[in-house]
Amino acid sequence: YIFDVSVASRRPQMLDDAEILAPEARACHVAYLRQPQFGLGFQGAGAPMHTHHAAFNGLFVGSKRWFLLPPEVAFWSFSPSASWKQS
């Protein structure tokens, strides 16, 4: 699983065909907007269970399974993401 937080700044042309968030939405609803992050992985790859503040996540190609929990039971894990599919 590859996760790169700086690829968009090094290769801005990767985003030429993708409007991540409409300009009017950015102007009205976003207080802080980070550079897009890039993830690439094979089937079953992915980040372990984790928490973070509000985020916008999108998928350009392929499919992805999301495991979401209510904030009151969310937690950090070191278990591979594939283990969540099995349990």
Side-chain angles (χ1 to χ4, degrees):
Y1 181 72
I2 300 168
F3 184 78
D4 191 330
V5 297
S6 62
V7 69
S9 61
R10 292 191 326 271
R11 301 272 190 234
Q13 66 274 20
M14 286 182 67
L15 300 175
D16 286 350
D17 296 331
E19 188 172 306
I20 304 297
L21 194 57
E24 55 274 5
R26 286 194 304 261
C28 298
H29 302 290
V30 178
Y32 173 72
L33 185 62
R34 290 183 2 177
Q35 191 71 296
Q37 300 170 342
F38 179 74
L40 174 69
F42 52 88
Q43 184 176 350
M49 183 65 77
H50 62 280
T51 64
H52 51 74
H53 296 286
F56 173 82
N57 292 284
L59 180 67
F60 289 101
V61 177
S63 62
K64 183 175 178 104
R65 180 172 288 176
W66 302 87
F67 295 94
L68 305 174
L69 297 173
E72 62 273 8
V73 295
F75 61 94
W76 282 85
S77 172
F78 293 106
S79 299
S81 61
S83 68
W84 291 96
K85 181 179 177 184
Q86 299 164 359
S87 59

N/O donor-acceptor pairs under 3.5 Å from side chains in residues 44-51, not counting sequence neighbours:
from  : atom 1 : to    : atom 2 : distance (Å)
His50 : ND1    : Pro48 : O      : 2.8
Thr51 : OG1    : Trp76 : NE1    : 2.9

Run the side chain to side chain contact (heavy atoms under 4.5 Å, CB included) test against Pro70 and tell me which residues pass, sequence neighbours left out. Glu72, Val73
For Phe75, does the CZ atom have more than 12 heavy-atom neighbours from other residues, nucleotides or ligands under 6.0 Å away? yes
